[in-house]
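Encoded as structure tokens, the structure appears first; notes follow it.
Convention: sequence-line order gives letters A, B, ...; per-chain numbering from 1.
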Amino acid sequence: MYQLLIHQRKEKLRSPFWSKNILLNILLGFVGFWLLIMALTASIAAIRIISEFYSGLEPIEVFTGLLFYFFVYDLISRFFLQQLPTMSIQPYRTLPLGKGKLLHYPLIRSVFSFFNFLPLFLIVPFFIMVVCAGSPAIFSFAWVITLLCFIGVNNFLNFSIKKQFISKPALILLLFGMTGILLFLDLREIFKVSQWFAKFVMYISGAPVLVMVPVSLVILSYRLAYRTLRKNFYPEESQASRTTKGSFTFLSRYGETGELLGIELKMILRNKRPRSVMIFSLIFLGYGMILYDDPDNLVKLMMGGFLLTFAFALNYGQFLFSWEGSYFDSYLANKISAFHYIRSKYLFFAAAGIIGFLLSSPYILISPKIIFVNLAMLFYNVGISSILLLVFCTNNSTSIDLGTSQIMNFQGTGAIQFLMIFPLIGIPLVIHVLFYFLGIREYSILGIGILGLIGIILSGYLMQMVTRLFLSRKHQMASGFRKIK
Amino acid sequence: MIKFDNIIKVYGAKFSLSIPELIISQKESVGLVGNNGSGKTTLLSLGIDLIRPTTGSVLSRGEIVSESDEWKGYTGSYLNESFLIPFLTPMKFLSFIGQLHGKNRSDVMNFLDQNSGFFMENIGSQKYIRELSAGNKNKIGILAALLPEPEIVILDEPFSNLDPGSRSWLKAKLRKLHGEGITIIISSHDLNHVTEVCNRILLLDNGNIIKDLSTNNETLQELENYFSMQVSSYTD
């Protein structure tokens, strides 16, 4: 077991990504540190906040009730962010290691995840300062054990949820839907789940023998995760059923460009990482709910229009060419005109923009203005952003492993991915400010739309420029793509 | 036909390949032999503009390959897996390559009928290329290289991972193509294969062409002697 732990450490430290992206790792470390500090502060300040807002109520019970929300948030954020420590067990399968050991290993390893430390920072200070100080020892002990158990349940449950999501996405969406309804009922004070949760925890703490209940919940969730992993032990069996449908044969009619576009669409649909980018982009559409809180705020509307019409194009497009890293050579050695290749990318962005525009059109219910702003931003994105993205992406030279998960996966991410967003968002903002000082603020959206239209009209010429740039950089890109294999 | 002119290729600080002059004419079928790291793949990659030489240039029919796309129309190549698109079915991949060279589906089917001795029977299966075995991937890549009816064929270790039947089929095929006047450039670790297929052998060592032989009865023996001498010089 210890050897396995060491191997996994090495796998991480020696991965080309780790050594290359020190900056990104520092950034992630900083975010993690900040979260821990926030949790610690919240925990220490909790008693004061509770006695101010919930005066007259039992503080421990209130705190426990609030923790319910945290556990829900915790499970969701784990689902999206926590990487399961599934070291590739393939090389070990023929070695004299028990099957059980290989499966228990990732489960035990997951206990040492950041996601389990964060709740400790939230619970332990409150436990020491308030619970221990004011309650009998047995009560305090039972209370903290119960809550720790819930962290464990979340941790192991996440394994099962994630694995099930691949094979039965509907089931998991249903689960999330139900959680959403419960939260809704709770916040509307129709059925206070959080209060029931708090009462449940308090009751157990009062009768310490009942601590067996949360403990057995942990064991149950562990068994469930173990069984799920065991079922997925044989990779060729666990492959989700796939179809070769969606052959996009109609695109072949549009010559080489259409053919290349068809291949790209297949790549997205038939590979894990681009597919999950697509799904995440759909979630992105929900941003409108937050951004459109004030329909008279033109800047917010612009941001909304920019992001909503181009969510997928941005998320996917920032790694353009990198997606094709593993077979880029086949494009270089075959009779493919570089111009047609670039044009297929441009048309892809345009199509993605139009789809984004259509999907975000229901926001018209919030304000009819939104549709006009979005249309102008669509023109801008197709005419200007697409070309800029193409230009930036000729700097991409890290191949992306298509089969890996998107979650916390920064393969392909370089400084350029962080920087490219600034000019894209900056141009419309500059136009807006310019129009503002000219005193014709109302026309800035029109100006942005017209700029986009000019870009679309000149697209043939712009694409030729990008093609020349691409040709001058293709060797560099290709040699980068060949490195990680 | 293909001319390597004053080529030097340096990777980082490491010297990789140096060819003062190499001319491969149309009637030739050339075999590259040499140990790992001797520069075989580098030479082939330079020939199809996958990498750029540090100095010098590669010309195909008088045109510099990095400045023209003409050669793509008459050159069929397969170096490694990165020439395959992993998430397509073999059939779709081949018809894609065919389409790029103006061939429709029935042209592709005809081509497959003519070469049915080579591929596995289940070429029409719905498996994706990434799910195929190494040998079958190799076969798809070679077929894709031959499909456009190229006038120059460039293959890197085409015999590796092939089953015995396909090996002898491929040998016969390459000889037949050579007889039809098609230029062949391959590399191989199997001295038997190259001496059977090629009429000119280039022996590379540490990035230099140290022998340029036209194949005759003694060539195989000569090459075997060379490599066994190398081994004995290591063990001494």
(request) Please determine, by modelled atom types, if A/Asn271 and B/Arg130 share a side-chain donor-acceptor pair under 3.5 angstrom. (result) yes
(request) Please answer whether the main-chain N or O of A/Asn334 pairs with a side-chain N or O of B/His101 as donor and acceptor at a distance below 3.5 Å. (result) no
(request) Evaluate whether atom CD of B/Glu149 has more than 12 neighbouring non-hydrogen atoms of other residues, nucleotides or ligands under 6.0 angstrom away. (result) no
(request) Calculate, to the nearest 0.5 Å, the distance between atoms OG and CD belonging to B/Ser95 and A/Glu259 respectively. (result) 7.0 Å
(message) With side chain to side chain contact (heavy atoms under 4.5 Å, CB included) as the criterion, how do B/Thr89 and A/Lys266 come out once you've worked through the C-alpha distance, each side chain's angles and the decisive distance to 0.1 Å?
(response) CA-CA 11 Å; B/Thr89 61; A/Lys266 274 182 199 148; over 6 Å; no
(message) Quick check for you: to the nearest 0.5 Å, what is the distance between A/Tyr327 atom OH and B/Ile129 atom CD1?
(response) 11.0 Å
(request) Give the minimum heavy-atom separation between A/Asp329 and B/Ser82, together with the two atoms involved. (result) OD2-OG, 3.0 Å
(request) Measure the CZ-CG distance between A/Arg482 and B/Asn80 for me, rounded to the nearest 0.5 Å. (result) 8.0 Å
(message) Walk me through whether B/Ile85 and A/Glu324 qualify under side chain to side chain contact (heavy atoms under 4.5 Å, CB included).
(response) CA-CA 9 Å; B/Ile85 302 180; A/Glu324 294 161 325; over 6 Å; no
(request) Would you mind checking which part of B/Leu79 comes under 4.5 Å of any heavy atom in chain A, side chain (CB onward), backbone (N, CA, C, O), both or neither? (result) neither
(message) Going by salt bridge (Lys or Arg N to Asp or Glu O under 4.0 Å), name the residues that satisfy it together with B/Asp190, two or more places apart in sequence or in a different chain.
(response) none
(request) Kindly give the heavy-atom pair with the smallest separation between A/Leu332 and B/Lys72, and that separation in Å. (result) O-CE, 2.8 Å
(request) For A/Ala333 and B/Phe83, work out which heavy atoms get closest and say how close. (result) CB-CE2, 3.5 Å
(message) Can you list everything that forms a salt bridge (Lys or Arg N to Asp or Glu O under 4.0 Å) with B/Glu157? Sequence neighbours excluded, please.
(response) none
(request) Could you pull out all residues at least two apart from A/Ser472 that satisfy side chain to side chain donor-acceptor pair (under 3.5 Å)? (result) none
(request) Residue by residue, scan residues 335-343 of chain A and write down, ordered by number, those that have a heavy-atom distance under 4.5 Å to chain B; if none do, write 'none'. (result) A/Lys335, A/Ile336
(request) Give, as side chain, backbone, both or neither, the part of B/Leu84 having an atom under 4.5 angstrom from any heavy atom of chain A. (result) backbone
(request) Mind checking the CZ-CD spacing from B/Arg52 to A/Gln476? Nearest 0.5 Å is all I need. (result) 7.5 Å
(message) Using every non-hydrogen atom in the two residues, find where B/Leu50 and A/His475 come nearest and quote the distance to one decimal.
(response) O-CD2, 3.7 Å
(message) Please classify the contact of A/Ile263 with chain B as side chain, backbone, both or neither, using a heavy-atom distance under 4.5 Å.
(response) both
(request) Heavy atoms only: give me the nearest A/Met267-B/Phe87 pair and the separation to one decimal. (result) CB-CZ, 3.0 Å
(request) Decide if atom CD of A/Gln464 counts as having more than 12 heavy atoms of other residues, nucleotides or ligands within a radius under 6.0 Å. (result) yes
